[in-house]
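In what follows, a single structure is set out as structure tokens and then discussed.
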Number of protein chains: 4
Amino acid sequence: MEFSDKQLQIIETAEKLFADRGFKGTSVRDIAEEAGINLAMISYYFGSKVKLMEAIFEVRIGSVHMRIESLLKDDSITPLQKINMLVDEHVERVSQKECFYKIMITEQLINKNPAVLHATRQLKIRNAELVGQIIKDGQKKGVFKKKIDVVLMLNTLVGTVWQTMMNRDYYREFNNLQSLSDQEFNTLIKRKLSIHIKKLFKDILTNEA
Amino acid sequence: MEFSDKQLQIIETAEKLFADRGFKGTSVRDIAEEAGINLAMISYYFGSKVKLMEAIFEVRIGSVHMRIESLLKDDSITPLQKINMLVDEHVERVSQKECFYKIMITEQLINKNPAVLHATRQLKIRNAELVGQIIKDGQKKGVFKKKIDVVLMLNTLVGTVWQTMMNRDYYREFNNLQSLSDQEFNTLIKRKLSIHIKKLFKDILTNEA
Amino acid sequence: MEFSDKQLQIIETAEKLFADRGFKGTSVRDIAEEAGINLAMISYYFGSKVKLMEAIFEVRIGSVHMRIESLLKDDSITPLQKINMLVDEHVERVSQKECFYKIMITEQLINKNPAVLHATRQLKIRNAELVGQIIKDGQKKGVFKKKIDVVLMLNTLVGTVWQTMMNRDYYREFNNLQSLSDQEFNTLIKRKLSIHIKKLFKDILTNEA
Amino acid sequence: MEFSDKQLQIIETAEKLFADRGFKGTSVRDIAEEAGINLAMISYYFGSKVKLMEAIFEVRIGSVHMRIESLLKDDSITPLQKINMLVDEHVERVSQKECFYKIMITEQLINKNPAVLHATRQLKIRNAELVGQIIKDGQKKGVFKKKIDVVLMLNTLVGTVWQTMMNRDYYREFNNLQSLSDQEFNTLIKRKLSIHIKKLFKDILTNEA
DNA sequence: CATGAATGAGTCTTCATTCAT
DNA sequence: AATGAATGAAGACTCATTCAT
């Protein structure tokens with residue numbers, strides 16, 4: 001389905017507000033005011049508040065896919081390099097689509113819109129399968145060890161990134177980084193996070209014992 | 001503050017519903033009906049829905065503290081053992097207080113009750129400091145390496161456990177464990193999770209590189 | 001189900017307004033204002049506007065039953081007398097429960113509330129059966145002729161009464177009865193109507209031809 | 001006023017929907033969608049929803065006139081035959097213009113559009129006068145009895161036909177006519193109804209007593 | 001102490017109509 | 001002539017809270 005510019009504008013506003021206040025905590029009036037449109041336009045364009053949420057997923061779900069199909073076929077890159085690229089990509093993606101990730105989480109936890117749950121589920125399964133293939137490939141090539149729990153590994157990736165991003169401020173405070181600009185700090189934390197997880201993954205993937 | 005039996009009964013019901021449907025998604029009427037009490041009693045006992053939420057935190061926040069004061073002083077246990085005990089304890093705690101953890105997360109993400117945020121913040125800072133001390137101790141004893149990012153490490157712990165618990169069903173499905181009973185599966189996933197994180201932590205703490 | 005005084009007050013107000021403006025043409029706000037109660041009380045007491053309509057039927061449907069069980073068994077009254085009593089009763093009933101009859105008709109025509117349609121249907125079938133029995137009795141006794149179409153006969157009763165009551169004013173105007181008081185005119189029209197239908201029924205029931 | 005083909009198409013669609021769901025129960029959007037035209041065209045062509053309703057009456061009211069002017073003058077037909085023809089005609093007309101009759105009734109009962117009420121009123125008065133003339137003619141010729149209540153007689157005609165048509169299904173069920181096709185049943189019920197009313201009228205008109 | 005009843009603000013949605021093109 | 005977009009009013013309903021008893 002295609003969305004007009006006006007629809008995309010509403011979707012972006014709604015995404016921001018849903019992320020900040022939750023689905024129930026955001027009224028269609030809030031969205032309309034923030035987007036500078038008449039409140040009735042939301043029903044007009046999307047049918048209902050629920051379907052507006054689904055439209056957000058329709059628009060965004062593609063852009064949060066782990067893009068690894070191409071990696072899979074590329075033999076000039078080692079499996080470990082592939083995994084590392086994937087980590088970088090995920091950190092960057094969460095950083096850039098933070099609003100959408102927040103929404104995904106609260107939808108799974110409490111709102112449970114069926115269409116949204118379905119899309120999220122498909123995404124997770126697909127990602128696990130693709131990563132599973134990279135790992136199998138590494139195992140075949142003898143560079144990864146035999147027993148690897150793909151799901152736990154991905155949970156560490158997703159969980160660590162999310163926990164770090166959501167609690168950015170604690171990290172800043174605990175490490176006395178208030179002097180950095182927001183942008184500098186953001187760059188720093190993404191780099192630290194990326195290195196941290198890559199190190200963990202190298203251990204998981206290659207360290208026998 | 002002390003709570004009567006009736007109040008505790010309301011708190012438990014509210015905790016369950018808030019965890020399942022979110023704060024905004026749960027009406028005081030829902031809570032009253034589920035708890036089998038009169039609707040007006042909630043305002044009567046707690047003053048308001050918001051204060052009921054705060055009461056939940058008042059009751060539960062203590063029980064999710066990492067209990068490591070005693071560990072810190074105990075010299076018969078190695079620092080790595082302490083960390084491992086901490087991992088086991090956290091996995092167990094999240095598993096047993098799942099409802100409360102869910103509420104903590106959604107409150108941080110979207111509801112942002114100031115009193116709740118404050119309590120959560122204190123908890124996090126305190127935990128980071130305590131773990132930081134164990135690590136410093138290990139470093140002094142020369143068994144942990146020098147540069148360790150305590151916050152990232154804790155984020156990996158908390159993020160991985162949470163991500164795994166919240167997505168239990170994916171793990172079950174992906175690993176074809178549908179034949180296990182709920183209880184068997186629960187025991188299994190906690191063990192796997194614990195081993196997984198301990199391995200990561202051993203790597204973080206001891207592997208120079 | 002029992003209704004409190006307040007509920008009955010709301011029901012009566014709603015009945016009047018529904019009869020006058022139709023279900024869709026009456027807002028719950030209208031009802032609340034007319035009944036002098038808070039608008040939210042309607043949901044509080046009945047659940048919804050639709051269920052309020054159903055409550056009207058629950059309360060009224062009994063009082064519009066043709067009360068002929070007792071007539072059936074009474075052998076001191078001739079079948080024709082029974083039919084005549086029934087006509088009188090129906091004329092009186094429609095005159096007194098005019099609001100409710102109006103609602104019944106519009107519900108059947110356009111609103112089609114399933115619960116309401118069901119109740120109305122039961123009422124019609126039951127009435128047809130009871131009248132059918134009186135007629136069979138009369139036939140057995142040899143005072144009524146053999147072939148009588150019970151449904152058409154009842155349609156003439158119900159249709160004529162309804163058409164006359166609904167168009168009272170035409171009758172008044174056409175027969176130049178503006179000088180009568182409302183009450184006098186009402187008494188007159190009921191008598192005329194009753195005699196008119198009884199005459200028709202005597203013809204239907206006894207006139208071979 | 002003349003209506004274009006497009007306007008007539010809208011009028012027909014609106015008539016069907018108004019008959020089925022009532023005026024308030026039918027949105028202009030419903031009509032536009034069902035008629036396959038743009039929503040704004042309704043206001044564009046008719047000015048408003050209310051005026052669309054009035055247009056329906058403008059188009060249809062003529063076709064439900066009892067066409068008896070010619071009968072009045074025709075001396076080759078007896079007054080009773082004239083009345084009988086009138087009954088047949090009315091039964092047929094209601095059967096064919098059922099939608100419009102439904103609208104007339106609900107407009108009188110609840111919507112009460114002044115223009116519509118006026119048109120309906122004119123129709124009724126005119127019909128009563130025309131029938132009154134036939135009867136007077138019959139009385140002059142000595143074939144009808146002296147005292148005849150024209151309005152009640154017409155109410156019996158209109159009421160019985162309407163009641164029977166609206167409750168066709170009860171008639172079918174009560175008389176076990178489910179085996180007939182819709183068309184067969186329709187023919188049957190019209191014939192039965194016609195005979196029934198003619199018999200009543202013969203009684204009213206000729207039976208002294 | 002406990003409760004059924006009541007309230008007013010707020011929810012999402014639908015509506016007939018209008019306007020710019 | 002014809003239309004997609006827009007609008008403001010009104011719709012039914014839910015909510016947390018309060019009050020009289």
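The analysis underlying the following values was restricted to heavy atoms, covering all of them including side chains, and did not include hydrogens, waters or symmetry mates. Within every chain, numbering begins at 1; the chains are lettered A, B, ... in the order of the sequence lines, protein sequences first and strands thereafter.
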Legend entry - Sub-4.0 Å heavy-atom contacts from residues 7-16 of chain D onto DNA chain E, ordered by number: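 Contacts with DNA chain E under 4.0 Å: none.
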Residue list, side-chain hydrogen bond (donor to acceptor under 3.5 Å, both in side chains) with [X], at least two apart or on another chain:
{"X": "D:N167", "answer": "C:Q108, C:K124"}
{"X": "C:Q122", "answer": "none"}
{"X": "B:Q96", "answer": "B:E92"}
{"X": "B:S27", "answer": "B:D30"}

In this structure, how many angstroms lie between the [atom2] atom of [N] and the [atom1] atom of [X], rounded?
{"X": "C:K51", "N": "F:dT14", "atom1": "NZ", "atom2": "C1'", "answer": "14 Å"}
{"X": "C:F46", "N": "E:dA6", "atom1": "CZ", "atom2": "P", "answer": "12 Å"}
{"X": "A:D5", "N": "F:dA5", "atom1": "CG", "atom2": "P", "answer": "12 Å"}
{"X": "A:M41", "N": "E:dT13", "atom1": "CE", "atom2": "C1'", "answer": "14 Å"}
{"X": "A:E33", "N": "F:dA6", "atom1": "CD", "atom2": "C1'", "answer": "17 Å"}
{"X": "C:E2", "N": "E:dG4", "atom1": "CD", "atom2": "P", "answer": "18 Å"}
{"X": "D:I37", "N": "F:dT3", "atom1": "CD1", "atom2": "P", "answer": "8 Å"}
{"X": "C:I31", "N": "F:dG11", "atom1": "CD1", "atom2": "C1'", "answer": "13 Å"}

Inset, instruction - Using a 4.0 Å heavy-atom cut-off, write out nucleotides 16-21 of chain F from 5' to 3' as B (base contacted by protein), S (sugar-phosphate only) or - (no contact). - result: BBB---
Legend entry - Check: C:W162 and D:W162 side chains under 4.5 Å, non-hydrogen atoms: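 Touching, per the 4.5 Å side-chain cut-off.
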Inset, instruction - Output every pair passing salt bridge (Lys or Arg N to Asp or Glu O under 4.0 Å) with a member in residues 48-63 of chain D, not counting sequence neighbours, ordered by first then second residue. - result: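 Pairs touching residues 48-63 of chain D that pass the test: D:E15-D:R60.
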For a quick test of reading the model: is some side-chain N or O of [X] closer than 4.0 Å to OP1 or OP2 of [N]?
{"X": "A:Y45", "N": "F:dG4", "value": "no"}
{"X": "C:K6", "N": "E:dA6", "value": "yes"}
{"X": "D:N38", "N": "F:dG4", "value": "yes"}

Legend entry - Runs of at least three consecutive pairs that involve DNA chain E, where pairs are Watson-Crick or G-U with distances under 3.5 Å: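 Ordered by first number, the stems with DNA chain E (at least 3 consecutive pairs each) read E:2-21 with F:2-21.
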Cut-off 3.5 Å, no hydrogens considered: what does the side-chain donor-acceptor table look like for residues 99-106 of chain D, sequence neighbours left out?
unit_1 : atom_1 : unit_2 : atom_2 : d
D:T106 : OG1    : D:K102 : O      : 3.3
D:T106 : OG1    : D:I103 : O      : 3.1

Inset, instruction - Using the test salt bridge (charged side-chain N to carboxylate O under 4.0 Å, His left out), find all partners of D:D169 that sit at least two apart in sequence or belong to another chain. - result: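 Residues passing salt bridge (charged side-chain N to carboxylate O under 4.0 Å, His left out) with D:D169: none at all.
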Legend entry - Partner set under salt bridge (charged side-chain N to carboxylate O under 4.0 Å, His left out) for A:R121, not counting sequence neighbours: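 B:E173.
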Inset, instruction - Report the relative orientation of the aromatic rings in C:F23 and C:F18; use parallel for angles under 30°, tilted for 30 to 60°, perpendicular for over 60°. - result: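 Judged by the thresholds at 30° and 60°, the geometry between C:F23 and C:F18 is tilted.
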Listing, residues 32-40 of chain C side-chain donor-acceptor contacts under 3.5 Å, not counting sequence neighbours, or none:
unit_1 : atom_1 : unit_2 : atom_2 : d
C:N38  : OD1    : C:A40  : N      : 2.7

